[in-house]
Amino acid sequence: MPITCDVAILGGGTGGYVAAIRAAQLGKQVVIIEKDKLGGTCLHRGCIPSKALLKSAEVYAEIQESETYGIETAGAKLVFPKVQARKDAIVEQLHQGVQYLMKKNKIQVVHAKGRVIGPSIFSPQSGAVAVEFEDGEMDTVVPTNLIIATGSRPRVLPGLEPDGKFIMSSDEALRMDELPASLIIVGGGVIGLEWASMLNDFGVDITVVEAAAHVLPAEDEDVAREMQRLLGKRGVRFLTGATVLTETYNTDQEGIQIDVQLGDDKQETLRAEKMLVSVGRQANVENIGLENTDIKLERGFIAVNKQLQTGEGHIYAIGDCIGGLQLAHAASHEGILAVEHLAGEKVHAVESHRIPRCVYTRPEAASIGFTEREAKERGYDIKTGKFPFSAIGKSLIHGSRDGFVKVIADAKTNDILGVHMIGTHVTELIAEASLAQMLDATPWEVGQTIHPHPSLSEIMGEAMLAVDGKAIGM
């Protein structure tokens, strides 16, 4: 018998299961269709496992530097299988938590492959989902509304496909049994730099190849330059404005080698034990039945309006499969927005530049809003303020003098246009800037907020005051 419901969600990742919970809260009967484990990329192959590894790397690095804190730790040893075991335990605990939330909210989970079908005997409109179980049995889920949340996967460079031995994507890297002695990372974006920072802390020799003029090409140039400087100071080698010549890729008993084009007339041969390709992510839109609907693709992603409706108004799409900022918290917010819209509630679409972005390297980086270049290109007359962590007592207590917070404001209206930061634990500070933007606060208003001392949060107040030349601590 067909499974009927108010809302069906194709994909049980972060966006999908959050949408399911919100729909259940609104009294909807909800079905999630997921072929793998609930939690999706973020929980199993992305955010959570990578940050667990990054934390172990941070602890290992601090142990190596412990004498600066007056502590001698001779004989500390990295046992990578135990690092992996800790990561797996965290993932499993959170996976059980998601399963509990499904039961708590009476959400039916169908563990099967799903494919959207057109008008049929089950429904006069497209949007029903044919599901196929592992044993080959078939069924149909017939919802009033469908939300597509099929996520994404690592983008592959032709000629450098992951082979499980020499070439890895982030998926394979998370499953490494042992650390390589050396690694070439193709791509200096967020994921590439997080792996560079982590593996450098674990003692791996790292070379990053980035086609753009600088790493983190989507971030403010001041932050990107500082990140490259600080990771370079730790021994990470960067080749920017560089292109890997995939046709030169080769392997031997010692590992891999590949040529890199540096400018118009210079090439260099790189050698390493392994390679990690990190050049973005590709939407999972194949083999899910989109051809049976009026849903359109744009540049490989599902096209949606501001309310996240596809070409068929009763079918929504959220998360990585629609492009934009491919971030777990963006997908979660989109899931809530889509559900509230289909439930008839008044919703306000969030512009992508109002979604915070984080880089979990050592040091961390975080941002929200326009970069300085973007603000100028949009015609804003801007004013900026910058304050260094070297003048923040709590940062020195943490053992770091590096980094800063930079604020970009509209000189005419005093609106905060962007906040960009690099330094110790800044991913825990960016939410204040996000709240300030949502409330249309001015730099002066944030600067007047009393921040506790000593705390890293003091830098937010100081950087905001610096916009008008009123910073106290420098």
Side-chain angles (χ1 to χ4, degrees), residues 58 190 193-194 197 214-216 218-231 233 329 353-376 380 382-411 414-474:
E58 178 188 0
V190 174
L193 286 200
E194 287 182 353
S197 177
H214 57 78
V215 299
L216 299 178
E219 297 301 323
D220 190 86
E221 290 180 20
D222 285 353
V223 170
R225 282 195 295 267
E226 181 72 353
M227 180 67 77
Q228 186 167 327
R229 183 185 74 83
L230 293 173
L231 291 181
K233 188 177 176 181
H329 49 281
H353 70 273
R354 291 182 177 267
I355 299 172
R357 310 177 296 273
C358 297
V359 188
Y360 296 86
T361 44
R362 185 175 70 89
E364 295 179 339
S367 60
I368 190 169
F370 299 130
T371 66
E372 184 172 345
R373 179 188 294 271
E374 289 170 339
K376 289 178 178 177
Y380 288 103
I382 67 168
K383 54 183 179 179
T384 64
K386 186 185 285 188
F387 198 88
F389 272 105
S390 60
I392 298 296
K394 190 61 177 293
S395 185
L396 300 182
I397 291 168
H398 275 291
S400 176
R401 298 172 52 86
D402 298 315
F404 55 82
V405 172
K406 176 181 177 180
V407 179
I408 303 166
D410 188 328
N414 269 336
D415 288 339
I416 297 172
L417 299 176
V419 180
H420 307 273
M421 53 185 76
I422 179 170
T424 300
H425 301 312
V426 294
T427 61
E428 306 297 338
L429 302 179
I430 195 62
E432 182 177 358
S434 181
L435 178 62
Q437 278 207 328
M438 187 185 76
L439 297 177
D440 288 326
T442 65
W444 181 85
E445 288 171 322
V446 179
Q448 293 303 304
T449 303
I450 299 174
H451 294 85
H453 175 80
S455 72
L456 295 174
S457 69
E458 290 176 89
I459 198 170
M460 285 295 295
E462 291 280 28
M464 294 289 178
L465 292 173
V467 170
D468 295 308
K470 297 179 180 179
I472 300 298
M474 64 175 292

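Just one residue in the list V407, V467, D222 forms a side chain to side chain contact (heavy atoms under 4.5 Å, CB included) with K386, and that residue is D222. A side chain to side chain contact (heavy atoms under 4.5 Å, CB included) with M421 holds for exactly one of I430, D220, I368, V223; it is I430.
When all heavy atoms of S197 and R362 are compared, the closest pair comes out as OG-N, 3.0 Å. Residues T371 and H420 approach most closely at CA-NE2, 3.5 Å, considering heavy atoms. Pairing each heavy atom of T427 with each of C358, the nearest pair is CG2-CB, 3.7 Å. Scanning all heavy atoms of the two residues, the minimum distance from A436 to I416 falls at CB-CD1, 4.0 Å. Nearest heavy atoms, L230 versus P363: CD1-CG, 3.6 Å. Shown here for A441 and V446, the closest heavy-atom pair between the two residues is CB-CG2, 4.1 Å.
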*asked:* What verdict does the side-chain contact (heavy atoms from CB on, under 4.5 Å) test give for F389 and L456, after you've listed the backbone C-alpha separation in whole Å, the side-chain angles of each residue and the deciding distance to 0.1 Å?
replied: CA-CA 8 Å; F389 272 105; L456 295 174; 4.1 Å; yes
Output, in order, the C-alpha distance, side-chain angles, deciding distance and verdict of side-chain contact (heavy atoms from CB on, under 4.5 Å) for I392 and T424.
CA-CA 11 Å; I392 298 296; T424 300; over 6 Å; no
Exercise. Would you check, one step at a time, whether the test side chain to side chain donor-acceptor pair (under 3.5 Å) holds for H451 with E432?
Key: CA-CA 11 Å; H451 294 85; E432 182 177 358; 2.7 Å; yes
Note to self: Using side-chain contact (heavy atoms from CB on, under 4.5 Å), reason through F370 and I408 one step at a time and then give a plain yes or no.
What the structure shows: CA-CA 8 Å; F370 299 130; I408 303 166; 6.0 Å; no
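Atom CD1 of I472 and atom CD of E458 lie 12.0 Å apart (nearest 0.5 Å). Atom CZ of R229 and atom CG of D402 lie 5.5 Å apart (nearest 0.5 Å). The CG atom of L429 sits 8.5 Å away from the OG atom of S455 when rounded to the nearest 0.5 Å. In this structure, OG on S367 lies 9.0 Å from CG on L216, to the nearest 0.5 angstrom. Of the inter-residue distances, the one linking E221 atom CD with E226 atom CD reads 14.0 Å to the nearest 0.5 angstrom. Atoms OG and CD, from S457 and E428 in turn, are 12.0 Å apart once rounded to the nearest 0.5 Å.
With hydrogens and angles ignored, the 3.5 Å screen pairs a side-chain donor or acceptor of E445 with a backbone N or O of T442. Panel note: side chain S395, backbone A391; no donor-acceptor pair is recorded below 3.5 Å. Formation of a donor-acceptor pair under 3.5 Å by the E462 side chain with backbone atoms of F387 is not found in this model. Judged purely by atom type and a 3.5 angstrom limit, D410 has no side-chain atom pairing as donor or acceptor with the backbone of L417. In this structure, the side chain of H329 engages the main chain of P356 through a donor-acceptor pair within 3.5 Å. Without hydrogens or angle criteria, H453 side chain to K394 main chain gives no donor-acceptor distance under 3.5 Å.
Side-chain contact check for V405 versus M464: every heavy-atom pair is 4.5 Å or farther apart.
The aromatic rings of H425 and H398 sit perpendicular, their planes meeting at an angle over 60°, well past the 30° parallel limit.
For the pair R357 and E219, the salt-bridge criterion is met [side-chain N within less than 4.0 Å of a carboxylate O].
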